[in-house]
Amino acid sequence: LLFLLLFSLTRGVAAQDEEPNVSSSVEYTFGEELRFLFNAENAADIERIRLSFRPELVTDLYVVDVPFERGETISVTYPVDVGLIDLKPYSQLKYSWEIETGNGVKRVGEQSFRYDDDQFAWQQMSREAVTVHWTGNGPAFGQDVLVVVEEALSNLSAVLPLERIIPFDVYVYSSSAELREGLEGAGLDGSETTHPELGAIFVTAVNPQSAVADLGQSVPFELAHLLIYQIAGENYSLFPWWLGQGVGTVFQARVNPSYDQILDEAVQRETTIPLWQLCEAPQATGNEENLARAQSASIVAYVRLRFGDQRLAELVQSY
């Protein structure tokens, strides 16, 4: 009897000394809410649960003590409004848990997840620094997109010198409405598709028959801004609008054919825009905006023709 009693007490002490078995994950509703899930077995000794997380493009570290009911098994779902933490779409978020027991504080290893637009069934394909995402087409389409991106990278590298390309993503939406919906759902301006700070470019391919040709227009333009952002870093906001606009335009598969006529008319009427005004994005829309874009492309094309790609690259680097 004494042996059985000692055996029982020993088992009880051993059970108390066992570490809690912890697991966690994250779910989310894009544009609305994150849900941090925490589960623990053998958890009777847990006295406190703390969650820490940091969005990739935000300097703030969020730390919160998570309420829970004590017990042998603990299961907690902690919701967070994405609008309150400035979580950027298509970016990474790192998080970790910390539990306190009678034996001290234990930190559960840091984890991360990517906050993608999950409203669509994305397919993806990667090669070196590029990952492309698309919907509604087979793998051959993804291969076509990669070819367009790689050709644009090769061409742009002549004037946008980078020692190393930071890995980036290309999202190909099947319509402008879907792209606008995705950006607005993430709290971004749906009319502005250029967001290089997100480490991704966003384009559309509406018609499968003309998709490659259409991407030959949109990919070089958006990619130019992303690479300029990688070069300029925190100085990106100081980069002249005309130079980024012009580089993106002249490397498109074909420059807007109306630009020549717009420029000719402005020259004849003496209504061209002074270059210094083009250092910032034009506030006007319509004809004046088109003239600003046409002039920017013309200036960059002239610099390339007159001085060569190397001088243009030096101009970019100087900013």
Side-chain angles (χ1 to χ4, degrees), residues 125-132 142-172 193-205 210-260 262-263 275-276 278-281 290 292-319:
M125 184 178 294
S126 301
R127 184 181 298 158
E128 296 182 355
V130 185
T131 299
V132 299
Q143 183 65 42
D144 289 340
V145 178
L146 272 176
V147 170
V148 172
V149 174
E150 289 171 344
E151 182 178 352
L153 270 176
S154 176
N155 293 336
L156 286 165
S157 65
V159 298
L160 300 177
L162 277 167
E163 293 182 3
R164 183 181 73 88
I165 303 294
I166 300 173
F168 64 93
D169 295 81
V170 179
Y171 289 84
V172 185
T193 59
T194 302
H195 298 278
E197 73 281 2
L198 301 179
I201 64 175
F202 312 97
V203 294
T204 59
S210 62
V212 173
D214 294 341
L215 293 172
Q217 292 297 102
S218 57
V219 166
F221 183 84
E222 300 295 343
L223 185 55
H225 287 83
L226 184 141
L227 296 180
I228 290 171
Y229 184 85
Q230 291 192 6
I231 293 173
E234 61 183 16
N235 292 326
Y236 179 76
S237 61
L238 305 177
F239 199 82
W241 180 86
W242 67 265
L243 185 52
Q245 181 73 29
V247 170
T249 301
V250 299
F251 281 94
Q252 290 179 312
R254 60 184 185 282
V255 177
N256 190 326
S258 68
Y259 281 177
D260 286 341
I262 293 171
L263 281 172
L275 180 58
W276 67 267
L278 296 177
C279 287
E280 296 184 359
N290 288 332
R293 296 182 185 279
Q295 283 188 219
S296 299
S298 179
I299 295 167
V300 171
Y302 170 77
V303 172
R304 291 187 73 200
L305 180 64
R306 176 69 177 80
F307 302 102
D309 284 347
Q310 180 58 36
R311 290 298 187 190
L312 182 57
E314 293 173 3
L315 179 62
V316 169
Q317 194 64 51
S318 70
Y319 283 104

Quiz prompt | Residues which pass salt bridge (Lys or Arg N to Asp or Glu O under 4.0 Å) with Asp309, listed by chain and number, not counting sequence neighbours | solution = Arg304
Practice problem: Indicate yes or no: at least one non-hydrogen side-chain atom of Trp241 is less than 4.5 angstrom from one of Cys279. | Solution: no
Practice problem: Would you please name every residue forming a side-chain hydrogen bond (donor to acceptor under 3.5 Å, both in side chains) with Arg293, sequence neighbours left out? | Solution: Gln245, Glu289
Quiz item: Partners of Glu151 by side-chain hydrogen bond (donor to acceptor under 3.5 Å, both in side chains), sequence neighbours excluded?
Solution: none
Self-check item: Heavy-atom pair with the smallest gap, counting every atom of Ala297 and Thr249
Solution: CB-CG2, 3.7 Å
Quiz prompt | Residue pair Ala224 / Gly248: nearest heavy atoms and the distance that separates them | solution = CB-CA, 3.6 Å
Quiz prompt | Any Glu314 side-chain heavy atom under 4.5 Å of Arg311 side chain | solution = yes
Quiz item: Got a sec, which residues hit salt bridge (Lys or Arg N to Asp or Glu O under 4.0 Å) with Glu150, two or more places apart in sequence or on another chain?
Solution: Arg127
Self-check item: Shortest non-hydrogen contact between Val300 and Val247, atoms and distance
Solution: CG2-N, 3.8 Å
Practice problem: Go through the steps for Leu160 and Val316 under the test side-chain contact (heavy atoms from CB on, under 4.5 Å), then give the verdict. | Solution: CA-CA 7 Å; Leu160 300 177; Val316 169; 3.7 Å; yes
Quiz item: Taking C-beta and beyond as the side chain, do Ile165 and Leu227 meet within less than 4.5 Å on heavy atoms?
Solution: yes
Quiz prompt | Counterpart residues, ring pair (Phe, Tyr, Trp, His ring centres under 6.0 Å), relative to Tyr229 (two or more places apart) | solution = Tyr236
Quiz item: Can you find a heavy atom in the side chain of Val145 that is under 4.5 Å from one in the side chain of Val203?
Solution: no
Practice problem: Drop me the distance from Glu197's CD to Leu226's CG, to the nearest 0.5 angstrom. | Solution: 9.5 Å
Self-check item: Val149 and Phe168, any side-chain heavy atoms less than 4.5 Å apart
Solution: yes
Practice problem: Under the salt bridge (Lys or Arg N to Asp or Glu O under 4.0 Å) rule, collect the residues that match up with Asp169, sequence neighbours excluded. | Solution: Arg114
Self-check item: Leu263 backbone acceptor or donor facing Gln295 side chain under 3.5 Å
Solution: no
Quiz prompt | Check: Ile166 main-chain N/O paired with Gln230 side-chain donor or acceptor under 3.5 Å | solution = yes
Quiz item: Can you check whether Phe251 reaches Val159 side chain to side chain, under 4.5 Å on heavy atoms?
Solution: yes
Self-check item: Phe239 and Ile231, any side-chain heavy atoms less than 4.5 Å apart
Solution: no
Quiz prompt | Sub-4.5 Å side-chain heavy-atom contact between Val170 and Leu146 | solution = no
